[in-house]
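This report refers to the structure that appears directly beneath it.
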Amino acid sequence: LKGQRPISSFFFVK
Amino acid sequence: MFEARLTQGVLLRKLLDSMKDLVQDANFDCSSTGFALQAMDSSHVSLIHMQLRSDGFDHFRCDRNLSMGVSLNNMAKILKCMGNDDVLTMKAEDQGDSVTFMFESANQERISDFELKLMDIDSEQLGIPDTDYSATVKMPSAEFARICKDLSTIGDTVLIAVTKDGVRFSTTGDIGSANVTVRSHSNVDKPEEQVVIDMQEPVALTFALRYLNSFAKATPLSNQVMISMSKELPVVVQYRIEDMGHISYYLAPKIED
């Protein structure tokens with residue numbers, strides 16, 4: 001999606 | 001063996017209705033802690049995290065951790081067959097390939113069971129760090145839903161700005177612009193109508209209204225919604241489910257050009 005970071009980039013993979 | 005009984009079965013139907021538009025297939029994680037789900041929407045812009053604690057159920061048994069992959073749409077279709085006052089029991093075997101939903105009418109005169117086939121779904125679990133948010137707004141969930149819906153008639157995105165004076169929702173579009181400001185106020189007699197703003201510092205972020213409108217599908221679950229924001233971090237839109245848990249939605253802010 002334009003102008004939006006993927007949500008996963010704000011969190012960490014368990 | 002997993003077995004969970006919920007007197008207010010309708011609660012699970014409301015939960016499914018608040019997730020199925022964003023997420024197609026997801027794993028429900030059953031453990032001794034409770035019944036939980038974490039999933040990203042298909043465009044990976046938002047994240048849903050819902051949790052019902054085991055002690056909120058009338059009966060809860062989970063011998064070993066179980067991940068039940070389901071089509072949320074199909075599960076929602078089955079839960080639509082449940083009466084509004086029915087008691088719901090979910091059952092699944094440890095190595096089984098299905099989950100059974102049993103609906104009991106309040107007077108015990110009608111008992112039905114629906115079996116839903118499970119699916120294998122690959123999903124990575126994301127860790128959500130604890131964050132001290134710059135601002136947290138608690139407001140009536142119906143008011144938040146109305147604002148998101150109303151602003152969608154004008155624009156695609158909303159700027160949510162929290163100051164000590166209140167929280168302002170603004171949008172602009174081809175036909176014009178709109179602002180709605182909600183001020184903090186308390187109501188001792190009707191706590192569900194109060195607006196509480198807890199602000200460490202002013203914050204203003206822009207979000208896609210399409211997602212906020214999807215989150216607002218959770219409105220029937222709670223009278224109040226809690227919106228937490230910090231600069232450049234995803235907003236958290238949380239609906240608390242009384243005595244049981246919560247459903248929280250995380251949405252990344254729009255990046256300024």
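Every chain is numbered from 1 and lettered A, B, ... according to where its sequence line falls, protein lines coming before strand lines.
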Rounded distance (nearest 0.5 Å) linking atom [atom1] of [X] with atom [atom2] of [Y]:
X: A:Phe12; Y: B:Ile128; atom1: CZ; atom2: CD1; answer: 8.5 Å
X: B:Tyr211; Y: A:Gln4; atom1: OH; atom2: CD; answer: 7.0 Å
X: A:Ser8; Y: B:Met40; atom1: OG; atom2: CE; answer: 5.0 Å
X: A:Phe10; Y: B:Thr131; atom1: CZ; atom2: OG1; answer: 11.0 Å

Query raised in the report: In terms of heavy-atom proximity below 4.5 Å to chain A, should B:Gln125 be classed as side chain, backbone, both, or neither?
Result: both
Give a yes or no on whether [X] atom [atom1] has more than 12 heavy-atom contacts from other residues, nucleotides or ligands under 6.0 Å away.
X: B:Asp156; atom1: CG; answer: no
X: B:Glu232; atom1: CD; answer: no
X: B:Asp97; atom1: CG; answer: no
X: B:Lys20; atom1: NZ; answer: yes

Closest contact, heavy atoms only, [X] versus [Y]:
X: A:Ile7; Y: B:Ala252; result: CD1-N, 3.6 Å
X: B:Pro129; Y: A:Phe11; result: CD-CD2, 3.7 Å
X: A:Arg5; Y: B:Ile255; result: N-CD1, 3.8 Å

